[in-house]
J.: 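Quick one: the structure is below, questions incoming.
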Amino acid sequence: MDVAHCYLDGNADAVEFCSHDGFHHILAAATYTLQEGENPSRSGSISLFSVDADEEECLKLVHRMRTSGIFDIKWSPIGTNTGPLLAQADADGYLRIHSLQHRFIEEETRGAILAEVSKEKVSSSMCLCLDWNPSVTLISLGISDGSLSILSVREAEIEIQHTWEAHDFEVWATSFDTHQPQLVYSGADDCKFKCWDTRESPSNLVFQNSKTHKAGVCCIAKSPEDPNTLLTGSYDKYLRVWDMRLMSRPLDRSSIGLEGGVWRIKYHPFVPGLVLASCMHKGFAVVKTQEDKPEKMETYDKHNSLAYGGDWQKGESHNDGQRKGSLVATCSFYDRLLRLWMPEFQVIA
C-alpha cells in the first residue's frame, strides 16, 4: 500500500530510520551525484524527514545538508548513553559523524537538525560502507581500494585503530557481529566473504569463503535474535542464509533467488527472520528467512530505477491497540525517488 513519495535533490542511494526513542519518526535519506566533465566532482546530501503515516502530510522535509557524495549512512545503535548519531561514508575518503538534535523554535520542538560533530580523512580512496559496533565505540569502514579500517569513536573524537588489505577489489559490505562484537565481516567485488578478529592489529582472518558467491558480495546482516544466523546478498541475485555455529567454516544453509542483485538487507524491528531486500533492477522484496527454505512474501516494484536503499520504521505500529503492517521507506538511484509504503500481507510477530 503506497503512503507517500517525493523526489530528492540527487541520486538516492541510502535511507535509514532512526531507532532512538523520541526519534522513531525521523528518516534520513542520502544521495550521491557524479558531475562529469573536465573537473568531475562527487556531491551529495542528507535529507531529514519527519514521517507519520497517520498525518495528512506524512512525509515532511525538516532539514537538509550538503556534503560529499555518500555511499552509506548508519544511525548509531540504541542501548547506550549516547544520543542519536548518524555516520557517513563518503566519496572523499572521509568518515563523518553527525549528531541529531531537536530543533527549537519559539521554545517549542519543531522537527530535528543534524550537526557534524567529527570527521576523519581515512583514505585517498572512496569510503563505501560502514557499521557501528553494539557499544557505539567502534566503526568498521570498507574502502574502494580493498582495505578495511577500524576506527574508535569517543566523545566526538575519531581515531583510526588499524587499516589492512582485506580484499582484492572494492569492499561493499562490512558488519560487526552483534553477539560477538570482536568479530567483523566483510564482502567485496572479489566474490569473497570474510570474517576478522579485531582484537589483534592488523586483524586476524577467522575464515574466508571464496567459492559460494558467483559475483561480488554487496551486503551482510547478522540476525539480531539468532546468534547462529547471518545473511549475505550478492550481485549474483541470491540472498543466502548462513549457519555460523562452526565459525571457522560457516555453512551456506539455504538461499533464495531474488532476480536482481541483492544490494541491501534490513531485518524487521520486531518480526524475527523477516527482512527487506533491495534488489537493484528488480525492486524490493520482503523475505521470510526463519524457515528451512527462505520465502519471498511480497515484491514492491513501484521504482523505475536501481533499487538501492530501504529500511523499516523502528518501534511498533499500532491500530486500535493491535500491531499493523510496518511502514517501509525505499529509494531508487537515477530517478531520485523516495517512497513510503506498507506491505500488503499482515506483518505479525
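Worth saying up front: this structure is predicted, and the values here are computed from it rather than measured.
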J.: Might you work through the side-chain contact (heavy atoms from CB on, under 4.5 Å) test for Asp90 and Arg96, ending with a clear yes or no?
T.: CA-CA 8 Å; Asp90 67 39; Arg96 300 176 189 268; 3.0 Å; yes
J.: Does anything in residues 10-38 form a salt bridge (Lys or Arg N to Asp or Glu O under 4.0 Å)? List the pairs, not counting sequence neighbours.
T.: Glu16-Lys266
J.: Using atom types as modelled and distance alone, determine if a side-chain donor or acceptor of Arg339 lies under 3.5 Å from a backbone N or O of Lys302.
T.: yes
J.: Could you walk me through whether Phe284 and Trp341 satisfy the ring-ring contact (aromatic ring centres under 6.0 Å, His included) test, starting with their C-alpha distance in whole Å, then the side-chain angles of each, then the deciding distance to 0.1 Å, before giving a yes or no?
T.: CA-CA 11 Å; Phe284 296 85; Trp341 53 279; 7.1 Å; no
J.: Check the surroundings of atom CD in Glu116: do more than 12 heavy atoms from other residues, nucleotides or ligands lie under 6.0 Å from it?
T.: yes
J.: For the residue pair Ala112 and Ile26, what are the closest heavy atoms and their distance?
T.: CB-CD1, 3.9 Å
J.: Ignoring hydrogens and geometry beyond distance, is a side-chain donor-acceptor pair present between Trp196 and Ser186 at under 3.5 Å?
T.: yes
J.: Could you check Thr67 against Gln88 for side-chain hydrogen bond (donor to acceptor under 3.5 Å, both in side chains), going step by step and ending with a plain yes or no?
T.: CA-CA 10 Å; Thr67 180; Gln88 159 189 335; 2.8 Å; yes
J.: For residues Thr174 and Ser140, is any side-chain donor paired with an opposing acceptor at under 3.5 Å?
T.: yes
J.: Salt bridge or not between Arg42 and Asp92? Use side-chain N to carboxylate O under 4.0 Å.
T.: no
J.: Indicate yes or no for a side-chain donor-acceptor contact from Lys282 to the backbone of Val262 under 3.5 Å, with no hydrogens or angles considered.
T.: no
J.: Can you name the closest pair of heavy atoms from Pro269 and Gly315 and give their distance?
T.: CG-O, 4.1 Å
J.: Give a yes or no on whether a salt bridge exists between Glu298 and Lys288, defined as a side-chain N under 4.0 angstrom from a carboxylate O.
T.: no
J.: Any donor-acceptor pair under 3.5 Å linking the side-chain atoms of Thr330 with those of His303?
T.: yes
J.: Under 3.5 Å, is there a donor-acceptor pair linking the side chains of His167 and Asp190?
T.: yes
J.: So if you build clusters from Ile, Leu, Val, Met, Phe, Trp, Tyr with side-chain heavy-atom gaps below 4.5 Å, do Phe193 and Leu183 land together?
T.: yes
J.: Please tell me if the side chains of Met1 and Leu340 come closer than 4.5 Å, counting only heavy atoms from C-beta onward.
T.: no
J.: For ring-ring contact (aromatic ring centres under 6.0 Å, His included), just list the numbers for His102 and Phe23, CA-CA rounded to whole Å, side-chain angles, deciding distance to a tenth of an Å, and then say yes or no.
T.: CA-CA 9 Å; His102 284 294; Phe23 293 98; 4.6 Å; yes
J.: Go through the side-chain N and O atoms of Ser223 and Asp226 and say whether any donor and acceptor fall under 3.5 Å apart.
T.: no
J.: Do Val241 and Pro294 have side chains that get closer than 4.5 Å, going by heavy atoms?
T.: yes
J.: Any sub-3.5 Å donor-acceptor pair from Ser326's side-chain atoms to Trp312's backbone N or O?
T.: no
J.: Could you tell me whether a side-chain N or O of Asn133 sits under 3.5 Å from a main-chain N or O of Leu138, the two making a donor and an acceptor?
T.: yes
J.: Measure from the side-chain N and O atoms of Ser234 to the backbone N and O of Ala215, and report whether any donor-acceptor pair falls under 3.5 Å.
T.: yes
J.: What is the distance from atom OG1 of Thr289 to atom NE2 of His268, rounded to the nearest 0.5 Å?
T.: 12.5 Å
J.: Enumerate the salt bridge (Lys or Arg N to Asp or Glu O under 4.0 Å) contacts for residues 74-88, please, sequence neighbours excluded, ordered by first and then second residue.
T.: Asp72-Lys74
J.: Taking the basic N atoms (NZ, or NE/NH1/NH2) and the acidic carboxylate oxygens, is any pair closer than 4.0 Å for Asp236 and Arg240?
T.: yes
J.: To the nearest 0.5 Å, what is the distance between CD (Gln35) and CG (Asn39)?
T.: 12.0 Å
J.: Give a yes or no on whether Val217 and Met244 share a hydrophobic cluster (residues Ile, Leu, Val, Met, Phe, Trp, Tyr; joining criterion: side-chain heavy atoms under 4.5 Å apart).
T.: yes
J.: Out of curiosity, Asp252 CG to Tyr238 OH, how far, rounded to the nearest 0.5 Å?
T.: 11.0 Å
J.: Can you confirm whether Asn304 sits close enough to Ser332 that some side-chain heavy atom of one is under 4.5 Å from a side-chain heavy atom of the other?
T.: no
J.: Taking the side chain as everything from C-beta on, heavy atoms only, tell me whether Leu59 gets closer than 4.5 Å to Leu338.
T.: yes
J.: Are Val271 and Leu239 linked, directly or through other ILVMFWY residues, by side chains that come within less than 4.5 angstrom of each other?
T.: no
J.: Which other residues end up in the same hydrophobic cluster as Leu34, if Ile, Leu, Val, Met, Phe, Trp and Tyr are linked when side-chain heavy atoms come under 4.5 Å apart?
T.: Tyr32, Phe71, Met126, Leu128, Trp172, Tyr235, Trp263, Met280, Leu306, Tyr308, Phe333, Tyr334
J.: With side chains defined as the heavy atoms from C-beta onward, is the minimum distance between Phe176 and Tyr185 less than 4.5 Å?
T.: no
J.: Hey, could you give me the CG/SG distance between Asp197 and Cys195, rounded to the nearest 0.5 Å?
T.: 7.5 Å
J.: Just to verify, what does Asp168 make a salt bridge (charged side-chain N to carboxylate O under 4.0 Å, His left out) with, not counting sequence neighbours?
T.: Lys192
J.: Kindly give the heavy-atom pair with the smallest separation between Ser47 and Arg64, and that separation in Å.
T.: OG-NE, 2.7 Å
J.: Quick check on His162: does its NE2 atom have over 12 non-hydrogen neighbours (other residues, nucleotides or ligands) under 6.0 Å away?
T.: yes
J.: Share the residues that join Ile143 in a hydrophobic cluster, the rule being Ile, Leu, Val, Met, Phe, Trp or Tyr side chains under 4.5 Å apart at the heavy-atom level.
T.: Leu85, Leu95, Ile97, Val117, Val122, Leu130, Trp132, Val136, Ile139, Leu141, Leu151, Val153, Ile158, Ile160
J.: Going by distance alone, is a donor N or O of one side chain under 3.5 Å from an acceptor N or O of the other, for Glu170 and Ser144?
T.: no
J.: Determine the minimum heavy-atom distance between Ala307 and Ser278, stating which atoms define it.
T.: O-CB, 3.6 Å
J.: Using the rule that Ile, Leu, Val, Met, Phe, Trp and Tyr join whenever any side-chain heavy atoms are under 4.5 Å apart, tell me whether Leu8 and Val15 fall into a single cluster.
T.: yes
J.: Should Thr232 and His213 count as side-chain neighbours, where that means a heavy-atom distance under 4.5 Å?
T.: yes
J.: Provide the full list of salt bridge (Lys or Arg N to Asp or Glu O under 4.0 Å) pairs with a residue in residues 208-222, sequence neighbours left out, each pair given once.
T.: Asp177-Lys222
J.: Identify which one of Leu61, Leu114, Leu27, Ile113 satisfies the side-chain contact (heavy atoms from CB on, under 4.5 Å) criterion when paired with Leu48.
T.: Leu114
J.: Looking at Phe17, does the NZ or CZ of Lys314 lie under 6.0 angstrom from its six-membered ring centre and within 45 degrees of the ring axis?
T.: no
J.: Rounded to the nearest 0.5 Å, what separation is found between the CD1 atom of Ile150 and the CD atom of Glu159?
T.: 13.5 Å
J.: Between Ser45 and Thr31, is any side-chain donor less than 3.5 angstrom from a side-chain acceptor?
T.: yes
J.: Measuring only between side-chain heavy atoms, which start at C-beta, is Val286 closer than 4.5 Å to Tyr300?
T.: no
J.: Per the side chain to side chain donor-acceptor pair (under 3.5 Å) rule, which among Ser149, Ser152, Ser201, Ser203 passes with Gln161?
T.: Ser152
J.: Is the shortest heavy-atom distance from the side chain of Tyr94 to the side chain of Ser68 under 4.5 Å?
T.: no
J.: First locate atom SG of Cys331, then atom CG of Asn11, and finally report the distance between them rounded to the nearest 0.5 Å.
T.: 10.5 Å
J.: Grab the two heavy atoms, one from Cys218 and one from Ala173, that are nearest each other, plus how far apart they are.
T.: O-CB, 3.5 Å
J.: Does Met342 belong to the same Ile/Leu/Val/Met/Phe/Trp/Tyr cluster as Val275, with side-chain heavy atoms less than 4.5 Å apart forming each link?
T.: no
J.: Hey, are Ser135 and Thr137 close enough side-chain-wise for a donor-acceptor pair under 3.5 Å?
T.: yes
